[in-house]
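Just so it is clear, the values below take in all heavy atoms, side chains as well, and ignore hydrogens, waters and symmetry mates. Chain naming here is simple, since letters A, B, ... match the order of the sequence lines and numbering starts at 1 in each. The structure presented is a predicted model; accordingly, all values stated were derived computationally and were not measured.
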Amino acid sequence: MNKKVVVGMSGGVDSSVAAYLLKKQGYDVIGVTMQIWQDEAEAVKEENGGCCGLSAVDDARRVAEAIGIPYYVMNFKNEFKKNVMDYFVEEYLKGKTPNPCIACNRYVKWESLLNRSLEIGADYIATGHYARIEKLTNDRYAIRNSVTAAKDQTYALYNLTQDQLSKTLMPIGEFEKDTIRKIAVEAGLPVAHKADSQDICFIPDHNYASFLEREAGDRVPPPGNFITQTGAIIGPHLGISHYTIGQRKGLHLAMGHPVFVTEIRPDTNEVVIGENSDVFSRELICDNVNFMSIEDLKDSRKVIAKIRYSHKGSLCTIEKIEQDKIKCTFDQDVRAVTPGQAVVFYDGEYVLGGGTIV
RNA sequence: AGGGCUAUCGCCAAGCGGUAAGGCACAGCACUUUGACUGCUGCAUUCGCAAGUUCGAAUCUUGCUAGCCCUG
């Protein structure tokens with residue numbers, strides 16, 4: 001009997017080809033689209049954008065039909081609200097800068113979707129991520145860089161557990177983006193030319209400030225002062241949740257030269273402003289650590305760390321300074337270490353682990 | 001209400017008789033499965049107001065208005 005795999009289909013090219021490839025490889029494939037935030041009515045109006053909204057259902061259904069696999073829509077709105085949207089809001093209220101995609105992967109895609117898939121008899125779930133999963137000689141599973149450096153998505157997957165990885169397939173990690181589109185065209189998939197997704201899927205208008213207002217109401221931090229590193233007040237700000245480390249735009253500060261946010265102080269409701277050179281730092285500390293290629297970090301070691309999705313990676317030395325807390329010292333200064341964002345450590349092409357910057 | 005100085009885009013600021021530099025801010029686009037960063041493009045038919053000199057003025061003259069400084 002063939003192994004059964006549930007493919008999370010967003011309606012985009014990547015997950016569509018993932019389903020197609022698995023089907024060709026002989027798996028018993030089931031297509032599933034997660035309904036996570038959009039209302040049915042809104043979903044119809046969606047044009048493009050988020051990875052997980054829109055005409056997703058229509059497109060995914062057509063692809064499933066083209067490939068010849070059963071297709072379902074599963075409702076994960078509650079799980080998404082609790083683990084992604086609420087987390088997103090709470091972090092911003094605390095002056096942090098969250099990464100909702102990481103939370104979505106860890107708790108919705110790889111927890112809710114995986115569990116429900118197992119319940120209906122699946123052996124694996126699969127996604128259209130540009131990454132590979134391999135079992136190492138130490139018996140641990142680890143995410144490995146996609147063959148295409150230009151479209152590597154390992155950063156957002158560092159938080160997956162061993163159990164989750166053991167039940168996951170990422171069939172397109174072996175290909176280049178161009179190849180994927182080519183396969184989609186050759187297979188006659190109706191979404192071959194659809195644009196890549198981007199931005200926060202549950203905030204279609206990109207206005208996360210008003211989203212926070214709707215979600216948190218008067219819990220949103222009030223206006224306060226922009227100050228310099230020496231404490232001088234240089235103007236009013238809209239509330240700490242409007243800013244992030246390294247930000248330049250939207251400050252409405254005409255200082256004659258560009259200025260940037262260097263620090264956010266929730267306790268005094270102040271946002272510290274400085275020069276571009278002031279936003280560079282040499283070290284950081286993270287918690288909520290998840291180890292992937294290794295079981296634990298005993299001795300300090302040299303790795304490559306990414307401090308944001310698009311970061312190319314910087315050499316650094318990591319050491320465990322206490323339970324669930326790692327200190328990372330870079331060889332050279334890195335720009336805008338931002339609390340709330342994830343640091344992901346790489347051992348060569350493999351994800352060693354990562355944590356949340358504090 | 002004596003004397004002096006200054007009034008150019010939201011902020012700063014070039015210009016000194018020949019038909020409005022630049023920076024910051026701001027906007028749009030690109031980039032991007034987070035927030036940012038970055039790049040590109042745009043952004044004063046007009047120079048406090050009024051009159052005059054001149055072929056031609058933001059640039060010269062006069063008056064007015066406003067702000068700043070000094071002396072009462």
Side-chain angles (χ1 to χ4, degrees), chain A residues 8-15 18 34 36-37 48-54 56 83-85 87-89 91-106 108-109 127-131 146 150-159 170 172 177 194-204 206-209 211-212 226 234-235 237 240-264 271 273-280 306-312 333-344 354 356-357:
Chain A
M9 299 178 71
S10 66
V13 199
D14 302 333
S15 57
M34 299 184 289
I36 49 182
W37 62 270
N48 49 47
C51 67
C52 338
L54 52 152
N83 293 299
V84 182
M85 294 169 75
Y87 146 78
F88 179 82
V89 171
E91 287 287 286
Y92 263 117
L93 296 190
K94 288 186 288 191
K96 303 286 188 71
T97 305
N99 183 322
C101 294
I102 289 173
C104 177
N105 285 335
R106 171 70 174 76
V108 182
K109 291 187 179 127
T127 63
H129 283 94
Y130 284 86
S146 155
K151 196 69 184 175
D152 177 62
Q153 296 175 318
T154 58
Y155 174 83
L157 300 168
Y158 84 93
N159 218 8
M170 293 183 180
I172 71 166
K177 179 80 191 185
K194 200 168 163 184
D196 285 9
S197 61
Q198 58 195 243
D199 297 321
I200 303 174
C201 69
F202 54 93
I203 307 180
H206 301 186
N207 191 338
Y208 80 87
F211 173 80
L212 291 179
F226 279 125
I234 53 181
H237 72 234
I240 60 172
S241 58
H242 286 78
Y243 311 97
T244 189
I245 306 300
Q247 180 174 335
R248 168 182 174 179
K249 294 293 181 179
L251 269 31
H252 292 266
L253 255 23
M255 308 289 280
H257 62 283
V259 290
F260 303 81
V261 172
T262 62
E263 188 186 345
I264 293 173
V271 174
I273 297 300
E275 306 302 310
N276 184 241
S277 59
D278 296 327
V279 358
F280 285 81
K306 292 189 182 182
I307 60 170
R308 80 187 84 255
Y309 179 74
S310 58
H311 188 194
K312 54 293 164 209
D333 290 355
V334 290
R335 187 177 188 286
V337 168
T338 308
Q341 293 282 292
V343 222
V344 178
T356 304
I357 298 172

Out of [options], which nucleotide sits closest to the side chain of [X]?
| X | options | value |
| --- | --- | --- |
| Lys249(A) | rU33(B), rG35(B), rC26(B) | rC26(B) |
| Ala254(A) | rG10(B), rU32(B), rC37(B) | rG10(B) |
| Phe260(A) | rC37(B), rA25(B), rU33(B) | rC37(B) |
| Gln153(A) | rG35(B), rU33(B), rU34(B) | rU33(B) |
| Thr338(A) | rG35(B), rA25(B), rU38(B) | rG35(B) |
| Arg335(A) | rU34(B), rG10(B), rC37(B) | rC37(B) |

### Query
About how many Å separate CG of Leu253(A) and CD1 of Ile273(A), when rounded to the nearest 0.5 Å?
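If I round to the nearest 0.5 Å, the distance is 5.5 Å.
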### Query
Would you call rC37(B) syn or anti, using the 90° rule around 0?
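rC37(B): syn.
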Rounded [atom1] spacing from [N] to [M] in Å:
| N | M | atom1 | answer |
| --- | --- | --- | --- |
| rA50(B) | rA58(B) | C1' | 16 Å |
| rG4(B) | rC11(B) | P | 29 Å |
| rC37(B) | rC49(B) | C1' | 45 Å |
| rG2(B) | rU59(B) | P | 27 Å |

#### Entry: Sugar-phosphate, base or nothing in reach of Ile102(A), heavy atoms under 4.0 Å
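No contact at all - Ile102(A) keeps every heavy atom at 4.0 Å or more from the nucleic acid.
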### Query
With a 4.0 Å cut-off on heavy atoms, is Phe88(A) in touch with a base, just the backbone sugar-phosphate, or nothing at all?
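No contact at all - Phe88(A) keeps every heavy atom at 4.0 Å or more from the nucleic acid.
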Partner lookup for [N], please. Criteria are Watson-Crick or G-U wobble with both distances under 3.5 angstrom; report none if nothing qualifies.
| N | value |
| --- | --- |
| rG17(B) | none |
| rA7(B) | rU65(B) |
| rU38(B) | rA30(B) |

### Query
Any side-chain N or O of Tyr92(A) under 4.0 Å from OP1/OP2 of rG35(B)?
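Answer is no, no contact under 4.0 Å.
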### Task
Please state whether the phosphate of rU38(B), meaning OP1 or OP2, lies under 4.0 angstrom from any side-chain nitrogen or oxygen of Arg248(A).
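For Arg248(A), the contact criterion (side-chain N or O under 4.0 Å from OP1 or OP2 of rU38(B)) is met.
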### Query
Is there a donor-acceptor pair closer than 3.5 Å between any side-chain N or O of Arg308(A) and the backbone N or O of Gln341(A)?
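Not at all, since once roles are kept as given, no pair shorter than 3.5 Å links the two residues.
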### Query
With a 4.5 Å heavy-atom cut-off, do Val271(A) and Ile240(A) have their side chains touching?
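Touching, per the 4.5 Å side-chain cut-off.
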#### Entry: Whole angstrom value for the distance that separates C1' of rU33(B) from OH of Tyr309(A)
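Rounded to the whole Å, the gap is 6 Å.
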### Task
Mind telling me whether Tyr92(A) and Phe88(A) have parallel, tilted or perpendicular rings, with 30° and 60° as the class edges?
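The rings of Phe88(A) and Tyr92(A) stand perpendicular, inter-plane angle above 60°.
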### Message
One pair to check against side chain to side chain donor-acceptor pair (under 3.5 Å): His257(A) and Glu275(A). What are the steps and the verdict?
### Response
CA-CA 9 Å; His257(A) 62 283; Glu275(A) 306 302 310; 3.0 Å; yes
### Message
Tell me if the side-chain of Thr97(A) makes a donor-acceptor pair with the base of rG35(B), cut-off 3.5 Å, by modelled atom types.
### Response
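In this structure, the two groups form no donor-acceptor pair.
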